[in-house]
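Read through the structure below, which is laid out as structure tokens, and then see the notes.
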Amino acid sequence: MSEGAPLQLVQSAAFARGGNRLCFVDPRDSRRCIKVQRADRSPRQKRRQAPPWKRLRRLASFDDNQQEAATYRHLQAHCGEAAFSLIPRLYGTVPTSLGPGLCSELLRDSDGRIARTLKHYLWERGEADSLGSVLEAFAQHWTALGMPSRRLLLHNIVVQCDANGPRALKVIDGLGWPDFLPLANHLPALARRKARRRIDHLHQAIAALLARRQARGDFGIHGWLDESRRLC
Ligand SMILES: Nc1ncnc2c1ncn2[C@@H]1O[C@H](COP(=O)(O)OP(=O)(O)OP(=O)(O)O)[C@@H](O)[C@H]1O
Ligand SMILES: [Mg+2]
């Protein structure tokens, strides 16, 4: 690849497809992933579909990659290294054939497979007890750092496992306060209170998913990673 030429990505090779982005294993380094906006979910399109009062926001606020990069700059300044036991590392942006890509740490299990989402893990196991201390440590650390996020969704958290079971939970999407003027960025006590509420909601979401599974309900659209994709 000549310097500056976009990295060639083929849509069908994505290992995962979220509601907004396609995720690829970085062809240059399999320990990294690259996320690009889905063509049918461009920032312009999302702004057009937003409620009228949200359409006043800058276009960049509808771009998940730009939002995530901005949140990481804030986290780097306020939490530093401590945050990286809760979120993947970010390596910056890279031009790709499918538009700007955001490059970050690809979270894998110790056997090399791409880690499952918390939603996938819970659905497969039908219980949360095996997460025990890992979930508790995550909740405590998340709250203590006042980590900025929207609601913590089960398909936006991955469970990294080793041979003995779950080792860590990491949030791979949904970072940053959703507020128009996020006061919590300047008031650590408020950030911790809001982060605590996100954790309360996460516990509720876990219980609700397990109840839905028990009632033979639907898994939903997002958060399942086929075994073949986990081997990418
Ligand atoms: N760093 C990562 N390590 C491992 N898997 C990841 C990583 N980032 C994303 N994934 C996988 O890719 C899926 C989609 O990624 P992501 O949530 O970033 O997309 P999105 O389109 O922004 O999501 P949403 O639908 O929540 O808007 C995740 O549910 C997860 O399975
Ligand atoms: Mg997501």
Side-chain angles (χ1 to χ4, degrees), residues 14-19 21 23 25 30-33 35 68 75 79 81-90 104-175 192-232:
F15 73 85
R17 175 193 168 92
R21 298 182 287 188
C23 306
V25 177
S30 60
R31 292 165 304 176
R32 299 181 175 196
C33 68
K35 302 190 191 188
E68 207 158 280
L75 282 171
C79 304
E81 271 307 296
F84 295 110
S85 59
L86 298 166
I87 56 174
R89 285 178 186 278
L90 193 72
S104 62
E105 182 186 355
L106 176 55
L107 301 170
R108 294 183 182 267
D109 288 348
S110 60
D111 64 5
R113 287 165 207 249
I114 297 176
R116 284 160 294 192
T117 66
L118 177 55
K119 188 176 175 192
H120 184 150
Y121 178 92
L122 291 167
W123 198 263
E124 218 163 54
R125 309 235 356 160
E127 49 80 28
D129 294 347
S130 54
L131 290 169
S133 57
V134 169
L135 178 57
E136 206 170 299
F138 170 84
Q140 266 175 23
H141 201 175
W142 190 265
T143 309
L145 289 180
M147 289 292 282
S149 76
R150 305 192 284 277
R151 279 190 171 193
L152 292 173
L153 303 178
L154 301 176
H155 62 266
N156 285 338
I157 300 177
V158 304
V159 187
Q160 275 187 300
C161 294
D162 60 24
N164 299 317
R167 172 164 51 94
L169 294 176
K170 291 191 181 151
V171 174
I172 50 86
D173 182 24
L175 291 173
R192 286 193 293 273
R193 210 162 53 239
K194 284 166 77 86
R196 171 83 251 165
R197 285 210 296 271
R198 302 292 193 247
I199 295 294
D200 291 343
H201 178 263
L202 175 63
H203 286 298
Q204 289 163 21
I206 290 173
L209 182 80
L210 291 174
R212 194 159 85 231
R213 179 183 180 279
Q214 182 78 19
R216 304 204 177 281
D218 199 37
F219 178 77
I221 307 171
H222 297 299
W224 191 267
L225 204 52
D226 281 332
E227 210 45 41
S228 60
R229 296 285 172 184
R230 296 188 61 213
L231 291 165
C232 285

* Asked: Can you list the steps and then say if Thr117 with Leu225 is a side-chain contact (heavy atoms from CB on, under 4.5 Å)?
  -> CA-CA 8 Å; Thr117 66; Leu225 204 52; 5.9 Å; no
* Check side-chain contact (heavy atoms from CB on, under 4.5 Å) between Cys33 and all other residues, then give those that pass, not counting sequence neighbours. => Phe15, Lys35, Ser104, Leu106
* To do: First locate atom CG of Leu152, then atom CG of Asp173, and finally report the distance between them rounded to the nearest 0.5 Å.
  => 10.5 Å
* With Asp129 via side-chain contact (heavy atoms from CB on, under 4.5 Å) - residues at least two apart -> Glu127
* **All side chain to side chain donor-acceptor pair (under 3.5 Å) counterparts of Arg116, not counting sequence neighbours** => Glu124
* Short side-chain to backbone donor-acceptor contact, Gln160 and Leu169, under 3.5 Å -> no
* For Val159 and Leu122, what are the C-alpha separation, side-chain angles and deciding distance, and is it a side-chain contact (heavy atoms from CB on, under 4.5 Å)? -> CA-CA 10 Å; Val159 187; Leu122 291 167; over 6 Å; no
* Is the CZ atom of Arg151 crowded by more than 12 outside heavy atoms at less than 6.0 Å? -> no
* Interatomic spacing from OG in Ser149 to CD1 in Ile199 - rounded to 0.5 Å -> 8.0 Å
* **Min side-chain heavy-atom separation Arg230-Glu227 under 4.5 Å** => yes
* Asked: Quick one: does Arg229's side chain have a donor or acceptor within less than 3.5 Å of a partner on Ala14's backbone?
  -> yes
* Arg17: side-chain contact (heavy atoms from CB on, under 4.5 Å) partners, not counting sequence neighbours -> Leu22, Arg38, Asp40
Show me the donor-acceptor pairs within less than 3.5 Å that the side chains of residues 134-147 make with the rest of the protein, sequence neighbours left out.
| residue | atom | partner | partner atom | Å |
| --- | --- | --- | --- | --- |
| His141 | ND1 | Ser85 | OG | 3.2 |
| Thr143 | OG1 | Ala139 | O | 2.7 |

* Could you walk me through whether Asn156 and Arg150 pass side-chain contact (heavy atoms from CB on, under 4.5 Å), step by step? => CA-CA 11 Å; Asn156 285 338; Arg150 305 192 284 277; 6.0 Å; no
Please tabulate, one pair per line, all N/O donor-acceptor pairs under 3.5 Å involving side-chain atoms of residues 207-215, not counting sequence neighbours.
| residue | atom | partner | partner atom | Å |
| --- | --- | --- | --- | --- |
| Arg212 | NE | Asp218 | O | 2.8 |
| Arg212 | NH2 | Asp218 | O | 3.4 |
| Arg212 | NH2 | Phe219 | O | 3.2 |
| Arg213 | NE | Trp123 | O | 2.5 |
| Arg213 | NH2 | Trp123 | O | 3.4 |

* Structure fact -> Taken to the nearest 0.5 Å, the spacing of Arg31 CZ from Leu107 CG works out to 13.5 Å
* Results of salt bridge (charged side-chain N to carboxylate O under 4.0 Å, His left out) for Arg32 - residues two or more places apart only -> Asp29
* Asked: Among all residues two or more places apart in sequence or in another chain, which pass the side-chain contact (heavy atoms from CB on, under 4.5 Å) test with Asp111?
  -> Asp109, Arg113
* Structure fact -> Residue set satisfying salt bridge (charged side-chain N to carboxylate O under 4.0 Å, His left out) with Lys170, at least two apart, ordered chain then number -> none
* Asked: Sequence neighbours excluded, which residues qualify as side chain to side chain donor-acceptor pair (under 3.5 Å) partners of His203?
  -> none
* Distance in Å, Cys79 SG paired with Leu86 CG, rounded so as to fall on 0.5 Å steps -> 9.0 Å
* Would you check if Leu202 and Leu154 make a side-chain contact, meaning some heavy-atom pair closer than 4.5 Å? => yes
* Asked: Which residues satisfy the ring-ring contact (aromatic ring centres under 6.0 Å, His included) test with His222, sequence neighbours excluded?
  -> His155
* Arg89: what forms a salt bridge (charged side-chain N to carboxylate O under 4.0 Å, His left out) with it, not counting sequence neighbours? -> Glu81
* Asked: Between Pro166 and Ser130, what is the shortest heavy-atom contact and its length?
  -> CG-O, 3.6 Å
